[in-house]
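Take a look at the structure set out below.
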Amino acid sequence: MGMNDIVRSLAKAYSINLDGLRGRDSEKLSQVIEHELGAIVTPQELASALSVSALATLVQARLPKNGLGMTVLDIYHDIEKLAREEYHPNIPYQWTALWDEFLNVGNWFTKPDGLDAVEIVLRMEDKYRIKISDEIAAAMVTVGDTVRYLWRHMT
């Protein structure tokens, strides 16, 4: 999963047509990218990208780094690895995926449960050396919510 997949996921979640990105779609995508990823890309720059790959490359180049030199993409990949290890290797992992969706993957024997959700929070706390309260964990509804929180609070 890379930036191409993140851009496609965001476009789908926000009902943005990536084919021939123009006008309102490019303005909306510019706002979404800034809100979700912290990257500033103008609507004109987005409209000039001729493919999703070119668009993803542009966005990736604009990702800010936190105090530890990490981008949200770096954390996104780390969390994907944790999620696939803890929940199930076939979870529908993407930026806009709901954590609750991961509990519906697998059969009766391999299906994750609430304890897996607790375990992944504990693993994130350990990996990033932060404390995540129960309230904050409950507020992290999507993968993107989680990645943004971790990116902002890492020390």
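Every value quoted in this text rests on a predicted model; they were computed, and no experiment measured them.
Proximity of E80 to V143: side-chain heavy atoms (C-beta onward) are nowhere separated by under 4.5 Å. Counting heavy atoms from C-beta on, the side chains of R129 and M154 never come closer than 4.5 Å. Counting only heavy atoms from C-beta outward, the side chains of N66 and T71 never approach each other to under 4.5 Å. The shortest side-chain heavy-atom distance between S133 and I136 falls under the 4.5 Å cut-off. Proximity of I79 to L82: side-chain heavy atoms (C-beta onward) are separated by under 4.5 Å at one or more points.
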request  = Check the pair L122 / E119 against side chain to side chain contact (heavy atoms under 4.5 Å, CB included), numbers first and verdict last.
outcome  = CA-CA 5 Å; L122 293 173; E119 181 63 27; 4.1 Å; yes
ask   = Taking it one step at a time, do K65 and M70 satisfy side chain to side chain contact (heavy atoms under 4.5 Å, CB included)?
value = CA-CA 5 Å; K65 294 184 177 181; M70 295 183 77; over 6 Å; no
request  = Kindly indicate, with the supporting measurements, whether the criterion side chain to side chain contact (heavy atoms under 4.5 Å, CB included) is fulfilled by R8 and Q94.
outcome  = CA-CA 9 Å; R8 282 189 185 97; Q94 61 180 336; over 6 Å; no
inquiry  = For V147 and L73: C-alpha separation, side-chain torsions, deciding distance, then whether side chain to side chain contact (heavy atoms under 4.5 Å, CB included) applies.
reply    = CA-CA 8 Å; V147 170; L73 185 60; over 6 Å; no
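The heavy-atom pair separating A56 from M3 by the smallest distance is O-CG, 3.3 Å. In terms of heavy atoms, P64 sits closest to W151 at O-CZ2, 3.5 Å. Closest non-hydrogen pair, Y149 versus K131, comes out as OH-O, 3.8 Å. Of all heavy-atom pairs between I132 and A137, the closest is CG2-N, 3.8 Å. Across all their heavy atoms, T96 and A13 have their closest contact at CG2-CB, 3.6 Å. L37 and V72 make their closest contact through O-CG2, 3.9 Å (heavy atoms, listed as atom of the first residue, atom of the second, distance).
Judged by distance alone, with hydrogens and angles left aside, the side-chain atoms of W99 form a donor-acceptor pair with the main-chain N or O of T142 at under 3.5 Å. In terms of modelled atom types and a separation under 3.5 Å, the side chain of K28 and the main chain of Y14 share a donor-acceptor contact. In this structure, the side chain of S30 does not engage the main chain of S26 through any donor-acceptor pair within 3.5 Å. With R84 contributing its side chain and I91 its backbone, the two residues share a donor-acceptor pair below 3.5 Å.
Between the OH atom in Y76 and the CG atom in L63 there is a gap of 12.5 Å [rounded to 0.5 Å]. In this structure, the separation between CD on E27 and CD1 on I16 is 11.0 Å, given to the nearest 0.5 Å. Between I130 atom CD1 and M124 atom CE the span is 8.5 Å, to the nearest 0.5 Å. Between L150 atom CG and I75 atom CD1 the span is 6.0 Å, to the nearest 0.5 Å. Atom-to-atom distance recorded for S15:OG and N17:CG is 10.5 Å, nearest 0.5 angstrom.
Side chain to side chain, T42 and E45 meet the donor-acceptor criterion of an N or O pair below 3.5 Å. Between the side chains of D78 and Y128, a donor-acceptor pair is found at a separation under 3.5 Å.
L98 and W95 sit in two unconnected hydrophobic clusters of ILVMFWY residues. Membership requires side-chain heavy atoms under 4.5 Å apart, directly or through other members. Cluster membership check: L10 does not share its hydrophobic cluster with V141, using side-chain heavy-atom separations under 4.5 Å among Ile, Leu, Val, Met, Phe, Trp and Tyr. Transitive grouping of hydrophobic side chains (ILVMFWY, heavy atoms separated by less than 4.5 Å) keeps I40 and L55 in distinct clusters.
Between D145 and R148 there is a salt bridge, with a side-chain nitrogen of the basic residue lying less than 4.0 Å from a carboxylate oxygen of the acidic one.
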